[in-house]
There are 2 protein chains.
Amino acid sequence: MAQGRRQTGAGRGVTMRDVADRAGVGLATVSRVVNGVSGVAPELAEKVREAARDLGYRHDATASSLRRADRRTDTVALVLEDVANPFSSALQRAITDAAAERGIMVLSGSSDENPSRERDLVETFTARRADGLIVVPTGRADDALRAARIFGTPLVAVDRMVDLEGVDTVTVDNREGTAAAAARLHAAGHRRVAYFGDQPTIWTADERLAGFSDIFPVGPATPVRRGLSSVQAAEHAAHEALASPEPPTAFVSGQNLITIGIRRALQEAGLEHRIALVGFDDFPLADLLTPGVSVIAQDPARLGLEAARLLFARLDGDEGPARHCVVPTRYIARGSGEIPAPSARP
Amino acid sequence: MAQGRRQTGAGRGVTMRDVADRAGVGLATVSRVVNGVSGVAPELAEKVREAARDLGYRHDATASSLRRADRRTDTVALVLEDVANPFSSALQRAITDAAAERGIMVLSGSSDENPSRERDLVETFTARRADGLIVVPTGRADDALRAARIFGTPLVAVDRMVDLEGVDTVTVDNREGTAAAAARLHAAGHRRVAYFGDQPTIWTADERLAGFSDIFPVGPATPVRRGLSSVQAAEHAAHEALASPEPPTAFVSGQNLITIGIRRALQEAGLEHRIALVGFDDFPLADLLTPGVSVIAQDPARLGLEAARLLFARLDGDEGPARHCVVPTRYIARGSGEIPAPSARP
DNA sequence: TTGAAAGCGATACCAT
DNA sequence: ATGGTATCGCTTTCAA
């Protein structure tokens, strides 16, 4: 059987007018029944529902929102860094769930850290008249977001701060979390500690490095590598660091892919039990590796929930000043971060 | 600064009419310019673009599709099992990328293996007039999908087969892949092998079990556990199996969460080097564990791409008979599946 | 080449 | 309580 656009008389093309005619009522009455407006005689309502069923009527949300006074589409859009990243997908899941409770759908796309892709996405989403936007911004001075704000679409920046007044934000305590983890390494005797981070354009990358530097000011003993954005790049850089005359006794990573890359290099060199490693952002199976990977864990579900709440408040008419929500991180000791410096070993 | 709906005169509420008036041209001309229809005098077109820029005009894709002859919304919808699952998010990513190339957006939602949630999602998506649907069906006789087909929205089922004529499908060779892996265990001397699988309502769960049974017919030596759908459940079941008088010498898992649960139990019992484990579906870091986890790997990106292709062909007017695309799996030996049976050990 | 006008499917006002 | 009708923002004839 072929899959055609119009294979049966039912479905496509059946409008409220058709339903009204078949039920022998006015167009407005059908609209009331479909929208569950009270004040329609029960028997009429039943007749309408029957006609709708017979004809295979399907409500057109598109036309509905066009005519509606509030112009709502009951859709919010989500611009992530990469849907396939576990952090992003946990965020998406939390937001989608929160939205579903209100009967709101979620559109999403990946910017891949590319400002022009981000711009395209924001443009497409506003063209589709999303009621609101939740964005993981690619940059601090974000053009795409500025455009959306001018257009008037409520907007929440999540995971990263942005230099735009009046934008609600949700972030984690990147600096404090990283500093606390670094302090633990310091207490365990580490003095030669390498920091591997993401691209400096990303706000979180700056914050985390700052937290690290609070404990280990950058110097010859504390090499800093930035601009790492894939497992392979981090793995390669870690191999280089291990091959240097005075290799670090510990690594701090600013991102989960980097953490995995470093760990991969350590395992290849057979050093995972001798060199400490702490990563920012938890990842699945970190606890099943031996030794387990200690991390500064974020709570992406919580982040998403707070972002959704902020956005929904705006959708509900909140016109107050911008709010900034900071979600705490949590250090999870699994072993790799608890390896002491050689000097401190018995 | 407050975040209002209408904080500047620009943006919201600016229609083509406004642009037309400011540019001193007709409404139709603006429409032509915006849609890039050739045949407008260059100077007029420039005037229109300028007016649009000045007023902060944003095209309304909603109204556009309503009036357009083909009624296209340039949106396809995706019903996944759980966006947060790596398999699902890889699928989503591949489909979103393929769609983006054609200027198509992707709506998505998670059914959580719940038929009524699936139904809601399909309903919402068709109400939003998605041009097409890609669904990971929760059941074989899927009501939600039947409804969508009657409505006439092109539909592709991915990952799982469905008892509905005329529906395009993309799956992997579940049975063959599992049988091949089981055969390897048999060759390595294993005779007491446990199979842990997902809920029997899921088509893939049946297929994979069938593949296992092709090599190890179900009997006392080959216990089968079904209905496992979380890491915890699998872990618990694995502990039980290990505590039995004659524990299996190998495990075969029908799903990635189950694989992880079994592995967790093995590590807790200190048996990960003595009892073999092969899982269906690869997962991140499977190679970093010691021993690495051998898997029957699917290629979710490929699955998504094929599904998108099938759907786009329908959108392009293909009315041919339903097509079924089968993507091959690949066994990846990492160690856990290569542990020989004790009887076969020197 | 350009513009006026009809109408996509639904909502909301205003009569009845 | 119910129905007629103007209208949402846009595309698409059809005339000029």
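Side-chain atoms are counted along with the backbone in the values below, which use heavy atoms only and exclude waters and symmetry mates. Chain letters run A, B, ... following the sequence lines, proteins first, then strands; residues in each count from 1.
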Undergrad: Identify, between B/R17 and B/A63, the residue whose nearest nucleotide on DNA chain C lies closer to the 5' end.
TA: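 First, find each residue's nearest nucleotide; the 5'-ward one identifies B/R17.
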Undergrad: Taking atom types as modelled and ignoring hydrogens, do the side chains of B/R129 and B/T73 form a donor-acceptor contact shorter than 3.5 angstrom?
TA: no
Undergrad: Take B/R32 and B/A61, find for each the nucleotide of DNA chain D with the closest heavy atom, and name the residue whose nucleotide sits nearer the 5' end.
TA: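 Comparing both residues, the 5'-ward one is B/A61.
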Undergrad: What's A/L27 touching, base or sugar-phosphate or nothing? Going by heavy atoms closer than 4.0 Å.
TA: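 A/L27: base contact, heavy atoms under 4.0 Å.
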Undergrad: Report the distance from atom CZ of B/R58 to atom C1' of D/dC10, rounded to the nearest whole Å.
TA: 17 Å
Undergrad: I need the A/D21 CG to A/M16 CE distance, nearest 0.5 Å.
TA: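 Reported to 0.5 Å precision, the distance equals 13.0 Å.
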Undergrad: Can you confirm whether B/D74 sits close enough to B/M105 that some side-chain heavy atom of one is under 4.5 Å from a side-chain heavy atom of the other?
TA: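 B/D74 vs B/M105: side chains apart.
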Undergrad: List the atom of A/R323, the atom of A/A313, and the distance in Å for their closest heavy-atom pair.
TA: NH2-CB, 3.7 Å
Undergrad: Tell me the interatomic distance from A/R128, atom CZ, to D/dC10, atom C1', rounded to whole angstroms.
TA: 15 Å
Undergrad: Look at the side chain of A/T29 and decide which nucleotide, out of D/dT11, C/dT11, D/dT2, has an atom nearest to it.
TA: D/dT2
Undergrad: Just the rounded figure in Å: distance from C1' of D/dG9 to NE2 of B/H59.
TA: 9 Å
Undergrad: Supply the atom-to-atom distance A/M161 CE to A/D142 CG, rounded to the nearest 0.5 angstrom.
TA: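 These two atoms lie 14.0 Å from each other.
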Undergrad: Test: side chain to side chain donor-acceptor pair (under 3.5 Å). Region: residues 43-53 of chain A. Which pairs qualify, not counting sequence neighbours?
TA: none
Undergrad: Taking side chain as C-beta onward, heavy atoms only, is A/V48 less than 4.5 Å from A/V40?
TA: no
Undergrad: How many whole angstroms separate atom NZ of B/K47 from atom P of C/dT2?
TA: 10 Å
Undergrad: Where the side chain of A/A28 is defined as all heavy atoms beyond and including C-beta, which of D/dG9, C/dT11, D/dG4 is the nearest nucleotide?
TA: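 Comparing D/dG9, C/dT11, D/dG4 against the side chain of A/A28, the answer is D/dG4.
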Undergrad: Which nucleotide, C/dA10, C/dC8, D/dT12, lies nearest any side-chain atom of A/M16?
TA: C/dA10
Undergrad: Is A/V30 touching bases, backbone alone, or none of the nucleic acid, heavy atoms closer than 4.0 Å?
TA: nothing
Undergrad: Using a heavy-atom cut-off of 4.0 Å across all strands, would you classify A/A20 as base, sugar-phosphate, or nothing?
TA: nothing
Undergrad: Output the rounded distance in Å from CG (B/D70) to P (C/dC8).
TA: 15 Å
Undergrad: Let me test you: for the helix from C/dT1-D/dA16 to C/dT16-D/dA1, what is the angle between the axes at its two ends (five pairs each), rounded to 10 degrees?
TA: 40°
Undergrad: Is it true that B/D112 and A/R93 have a side-chain N and a carboxylate O under 4.0 angstrom from each other?
TA: yes
Undergrad: Between B/R67 and B/A41, which residue's closest nucleotide on DNA chain C lies nearer the 5′ terminus?
TA: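 Closest to the 5' end, via its nearest nucleotide, is B/A41.
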Undergrad: Rounded to whole Å, please give me the gap between CZ in A/R129 and C1' in D/dC10.
TA: 11 Å
Undergrad: Which of these nucleotides, C/dC8, C/dT2, D/dT11, is closest to any side-chain atom of B/V40?
TA: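 Given the options C/dC8, C/dT2, D/dT11, the side chain of B/V40 is closest to C/dT2.
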Undergrad: Between atom CZ in A/R68 and atom P in C/dA10, what is the gap in whole Å?
TA: 12 Å
Undergrad: Checking contacts here: which listed nucleotide (C/dA10, D/dC10, C/dA12) is nearest the side-chain heavy atoms of B/D60?
TA: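 Of the options given, the side chain of B/D60 lies nearest D/dC10.
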Undergrad: Round to the nearest Å and state the distance from B/Y57 atom OH to D/dG9 atom C1'.
TA: 8 Å
Undergrad: Would you please confirm or rule out a distance under 4.0 Å between OP1 or OP2 of C/dT11 and any side-chain N or O of A/S31?
TA: yes
Undergrad: Which part of the nucleic acid, if any, lies within reach of A/V25 when heavy atoms closer than 4.0 Å are counted: base, sugar-phosphate only, or nothing?
TA: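 Sugar-phosphate: the residue A/V25, judged by heavy atoms under 4.0 Å, touches backbone atoms but no base.
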